[in-house]
Each structure stands twice: as structure tokens, then as C-alpha cells.
**Student:** 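Would you mind keeping the following structure in view while I ask a few things?
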Amino acid sequence: MLFITIGFLLAQTALVAGALVLRDHEHLWVLGLMFGWYCFAMVALIAAIWVHYKKSSRLPR
């Protein structure tokens with residue numbers, strides 16, 4: 001879980017830095033691509049946490 005946290009911290013830093021550097025219209029597609037991959041990773045993280053919670057909250061039979 002520590003690696004995931006560090007990875008998302010680095011991803012957020014890269015997204016903010018990219019937004020500041022790639023603001024011009026020439027590189028706007030790169031910023032959109034970065035944002036798309038970031039959103040995909042966030043949805044995957046939320047799904048992984050949800051699945052882990054569902055598996056760990058089952059009652060033993």
C-alpha cells in the first residue's frame with residue numbers, strides 16, 4: 001500500500017507540473033492524455049480498495 005501511495009503522490013505532482021508547463025494549445029493533447037490515464041488509475045485504485053473491502057468483510061462460514 002505504501003508503493004501505491006507514493007506512486008499516486010508522484011502522479012499528482014506530475015499532473016500539476018504538466019498542467020503548468022503544457023498550458024499552450026500545441027501540447028494540450030498531452031495534458032489530456034495525462035489526465036485520462038490519471039483518472040483511469042484513480043478508478044482502478046477505488047475499485048481495488050472496494051474489492052479488498054468486500055473480500056475482507058465476508059463472514060466465515
**Student:** Out of curiosity, Leu20 CG to Leu31 CG, how far, rounded to the nearest 0.5 Å?
**Tutor:**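 Rounded to the nearest 0.5 Å, the CG-CG separation comes to 9.5 Å.
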
**Student:** Return the minimal non-hydrogen interatomic distance between Leu15 and Tyr38, and the atom names on each side.
**Tutor:**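 In terms of heavy atoms, the two residues are closest at CD2-CD2, 3.7 Å.
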
**Student:** Is there a continuous path of hydrophobic side-chain contacts, each under 4.5 Å between heavy atoms, that joins Trp29 to Met34?
**Tutor:**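 Hydrophobic grouping puts Trp29 with Met34.
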
**Student:** Only counting residues at least two apart or in another chain, list the ones meeting side chain to side chain contact (heavy atoms under 4.5 Å, CB included) with Val21.
**Tutor:**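 Val21 satisfies side chain to side chain contact (heavy atoms under 4.5 Å, CB included) with no residue once adjacent residues are dropped.
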
**Student:** How does the hydrophobic cluster around Leu9 look, that is, which other residues are in it when side-chain heavy atoms under 4.5 Å mark a link?
**Tutor:**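 Same cluster as Leu9: nobody, lone residue.
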
**Student:** For residues 42-56, please give each side-chain donor-acceptor pair under 3.5 Å, one per line with the distance, not counting sequence neighbours.
**Tutor:**
from: Ser56; atom 1: OG; to: His52; atom 2: O; distance (Å): 3.1
from: Ser56; atom 1: OG; to: Tyr53; atom 2: O; distance (Å): 3.2

